[in-house]
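As the structure lists them, so they are numbered: ligands from 1, and atoms in each ligand from 1.
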Amino acid sequence: MKKLNFDKHFIDLFENSTDLIHLSDVNGSIIKANPAWLNTLGYSKEEVLGEDILSFIHPDYREEYKHHRDGVIKSNSTVLITFRFLGKNGAEIFSDGQLGCFFEDGRALYTRGVFKNFKNADKRGLENNESRLKDFLNSAPSAVIIANQEQEILEWNPKAEAVFGFAANEVMGESLSQIIIPHNYREAHAQGMKHFLLTGEGPVLNKTIEITALHRNGHIFPINLSISAVKEDEQWLFIAFISDISSQKLLQEEVIKKEAELLQSKLLDEKKDEFLSMASHELRTPLTSLKAYIQILSTSVSPEVKGYKFVSSAGTHILRLEKLINDLLDVSKIKAGKVAYTMFQFWFNDVLNDCVEVMQLTTKTHKIIIEKSTPVLLFGDSLRLEQVINNLLSNAVKYSPAASRILVKSEREGNNLLVSIKDFGIGIAAENREKLFERFYRVENNSSKYQGLGIGLYLSFDIIKRHNGSIWVESEPDQGTTFYFKLPVADNQNIAQTDTATSGKI
Ligand code: ADP
């Protein structure tokens with residue numbers, strides 16, 4: 001291979017390089033500048049050779065350039081620098097590259113600069129960066145504030161205007177601390193800044209913290225704050241991302257308040273249940289004795305005697321009291337999951353007919369009409385289902401004082417039995433129907449007119465649920481109410497009714 005003439009080839013490289021190359025002596029006089037350098041800056045060779053390189057550097061960068069040049073001469077090193085050349089007619093040429101020094105026999109001979117020409121492309125690039133930054137600041141969903149290490153505000157985006165109430169032009173150059181930091185945190189903030197500038201340690205940097213801030217109108221509000229610090233030209237810049245979390249906080253407080261209220265009402269409920277269970281047990285003991293005495297009295301007083309009527313009326317009231325106490329006891333048992341069910345097979349129509357017959361004895365104002373009572377065998381607790389029917393019938397009488405009829409129907413619907421009890425009374429408005437089966441619920445505007453405790457439907461609901469059935473209501477205010485319940489029928493329906501002991505155990 002033919003040996004290359006390096007001088008010739010290096011000159012070729014120097015002449016044809018697209019990079020800007022210059023050599024200058026240790027005092028800064030230009031020794032050589034390649035065509036790319038001359039063309040980019042717009043000078044001829046004659047105009048630059050022997051001239052001070054600094055006169056071709058933009059005044060803003062001369063000090064820095066000189067500082068780096070002295071550095072490479074002193075330490076025989078190379079530095080990467082970004083700066084601007086000053087072309088003919090004052091043109092600014094953005095450039096970056098490296099500055100080094102050539103040594104011979106331990107002596108600095110000349111400095112060498114090899115730079116890229118960013119004249120067009122990168123000037124645009126920087127402008128683009130700036131406009132991209134502006135776009136970002138304008139559209140950022142958080143408040144973005146940029147401040148220098150003196151805490152002077154350099155950027156304040158539209159969201160910051162919305163969050164803090166200050167327009168950007170009011171705060172530019174102002175002290176960040178005076179603008180947004182509440183008075184009681186300013187000292188700590190100043191100390192923190194001092195510490196950071198001395199040590200580079202910033203415990204609040206690069207994480208999101210919850211803190212309070214000051215609004216233009218003087219009110220203090222909660223924010224999420226995250227700050228990052230970047231160093232530019234030996235100066236720290238702080239970029240803060242801030243979001244106002246007032247509404248979030250309010251929501252949290254609301255949730256906490258609600259939870260506290262819920263807990264309180266739960267505790268109160270527990271106390272009520274405890275009381276209910278204790279009170280109903282306590283009431284039952286004297287009631288049992290009272291009932292026994294009245295029974296003895298009623299058998300020992302003959303119907304002709306004057307006091308017989310009172311004894312018999314006392315007996316009726318005692319039965320009512322007993323039912324009330326038993327219902328209360330049931331409520332506390334349901335809560336404790338202690339209701340015992342005795343399940344067996346029975347003819348439901350018999351139970352229904354009996355209930356209607358007994359209820360009819362208690363009312364002279366209403367006629368209870370059984371429209372249909374299909375013979376159906378059920379598997380369940382007949383006494384508990386009796387309790388449901390009695391409750392619905394007594395409600396139908398109670399809540400229809402101006403009516404005279406109650407219609408009862410019981411029929412097969414596939415594998416279910418559908419029972420309905422219809423009255424023509426005061427009805428129930430739609431908004432009151434949802435809570436009807438809740439414990440102690442009573443429709444408010446009726447509660448003072450009609451006696452009751454609001455537990456009958458609650459118990460009925462539980463009983464029907466325990467029989468795998470469902471219960472619901474249809475009603476029209478001032479027109480009347482129909483309660484329905486549906487229960488699954490027993491499997492062996494083809495047993496003839498007469499073969500079975502009605503309402504008895506099988
Ligand atoms: P109570 O009748 O002792 O208040 P219930 O649990 O049996 O308790 O009934 C709950 C509430 O439902 C009643 O207070 C009443 O407002 C309403 N309600 C129940 N049955 C009827 C009905 N047939 N007509 C109108 N309202 C009724």
Side-chain angles (χ1 to χ4, degrees), residues 269 272-273 275-276 279-280 283 316-317 319-335 339 352 355-356 358-360 362-371 383-410 418-467 469-486:
D269 267 5
K272 268 198 249 167
D273 291 341
F275 173 77
L276 202 69
S280 39
L283 286 169
T316 315
H317 284 289
L319 285 180
R320 236 189 258 165
L321 193 61
E322 190 184 27
K323 182 187 173 298
L324 213 67
I325 292 171
N326 283 343
D327 278 358
L328 283 173
L329 209 63
D330 278 349
V331 171
S332 56
K333 277 191 197 156
I334 286 180
K335 283 296 276 184
V339 188
L352 183 68
C355 288
V356 169
V358 173
M359 192 59 67
Q360 187 61 76
T362 66
T363 171
K364 290 198 176 74
T365 49
H366 292 73
K367 179 104 191 80
I368 309 173
I369 302 157
I370 299 181
E371 293 189 310
L383 286 179
R384 287 288 177 192
L385 290 172
E386 224 173 70
Q387 205 177 333
V388 175
I389 300 164
N390 285 336
N391 178 51
L392 297 180
L393 284 174
S394 64
N395 276 354
V397 174
K398 181 163 62 170
Y399 296 107
S400 67
S404 56
R405 279 184 313 147
I406 289 160
L407 307 178
V408 178
K409 218 191 267 182
S410 159
L418 176 69
V419 181
S420 64
I421 295 174
K422 182 181 176 78
D423 68 55
F424 301 90
I426 59 171
I428 306 162
E431 66 269 22
N432 298 323
R433 275 180 236 147
E434 286 163 32
K435 293 182 156 193
L436 221 52
F437 297 98
E438 283 180 17
R439 202 162 61 125
F440 302 125
Y441 177 77
R442 309 200 70 216
V443 174
E444 212 175 295
N445 47 355
N446 301 333
S447 55
S448 57
K449 273 192 249 159
Y450 304 92
Q451 278 187 343
L453 290 178
I455 52 179
L457 289 180
Y458 170 72
L459 293 177
S460 303
F461 184 87
D462 193 70
I463 294 167
I464 296 294
K465 197 175 77 188
R466 289 287 293 265
H467 283 82
S470 53
I471 180 166
W472 68 98
V473 64
E474 282 172 9
S475 186
E476 190 69 44
D478 298 326
Q479 300 294 315
T481 303
T482 308
F483 276 93
Y484 295 90
F485 63 86
K486 207 184 230 187

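Close contacts between ligand 1 and Phe483 involve ligand atoms 20 (N), 21 (C), 23 (N) [criterion: under 4.0 Å to a heavy atom]. Every atom of ligand 1 is numbered from 1 in the order shown, and the set under 4.0 Å from a heavy atom of Lys398 is 1 (P), 2 (O), 3 (O). Interface atoms of ligand 1 facing Tyr441, defined by a heavy-atom separation under 4.0 Å, are 10 (C), 11 (C). For ligand 1 and Arg442, the ligand atoms under 4.0 Å from any heavy atom of the residue are 1 (P), 4 (O), 14 (O). Listed by number with element, the atoms of ligand 1 under 4.0 angstrom from any heavy atom of Ile455 are 6 (O), 8 (O).
Summary of contacts: the protein heavy atom closest to atom 6 (O) of ligand 1 is Leu457 N, 2.8 Å. Nearest non-hydrogen protein atom to atom 13 (C) of ligand 1 is Tyr399 OH, 3.2 Å. With hydrogens left out, the protein atom closest to atom 23 (N) of ligand 1 is Asp423 OD2, 2.9 Å, a heavy atom. Protein heavy atom nearest atom 12 (O) of ligand 1, with residue, atom name and distance: Leu436 CD1, 3.4 Å. Annotation: atom 8 (O) of ligand 1 to nearest protein heavy atom, Gly454 CA, 3.2 Å.
Of all non-hydrogen atoms in Leu459 and Gln387, the two that sit nearest each other are CD1-NE2, 3.8 Å. Across every non-hydrogen atom of Tyr441 and Leu436, the tightest pair is CD2-CA, 3.7 Å.
Taking distance alone, with nitrogen or oxygen atoms compared against 3.5 Å, Ile428 stays at or beyond that limit from ligand 1. Residue Gly427 places no N or O, backbone or side chain, under 3.5 Å from any N or O of ligand 1.
A perpendicular orientation is assigned to the rings of Phe483 and Phe437, their planes being inclined by more than 60° (bins at 30° and 60°).
Here the side chain of His366 pairs a donor or acceptor atom with the backbone of Ser400 at under 3.5 angstrom. Arg433 places a side-chain N or O within donor-acceptor distance of the main-chain N or O of Ile428, the cut-off being under 3.5 Å. Remark: the backbone N or O of Gly480 is not paired with any side-chain donor or acceptor of Asp423 at under 3.5 angstrom. Of the possible polar contacts, one joining the Ser332 side chain to the Leu329 backbone as a donor-acceptor pair under 3.5 Å is found. Side chain of Gln360 to main chain of Ile368: a donor-acceptor pair is present (N/O by atom type, distance under 3.5 Å, no hydrogens or angles).
By the 6.0 Å contact criterion, NZ on Lys398 is enclosed, its count of non-hydrogen atoms from other residues, nucleotides or ligands being greater than 12.
Between Val397, Asp327, Asn395, it is Asn395 that holds the heavy atom closest to atom 20 (N) of ligand 1. Among Leu453, Ile426, Leu392, Leu393, the residue whose heavy atom lies closest to atom 3 (O) of ligand 1 is Leu453.
Not a single heavy atom of Tyr450 sits less than 4.0 Å from an atom of ligand 1.
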Arg384 vs Asp330, test: salt bridge (charged side-chain N to carboxylate O under 4.0 Å, His left out). Steps then yes/no.
CA-CA 11 Å; Arg384 287 288 177 192; Asp330 278 349; 2.7 Å; yes
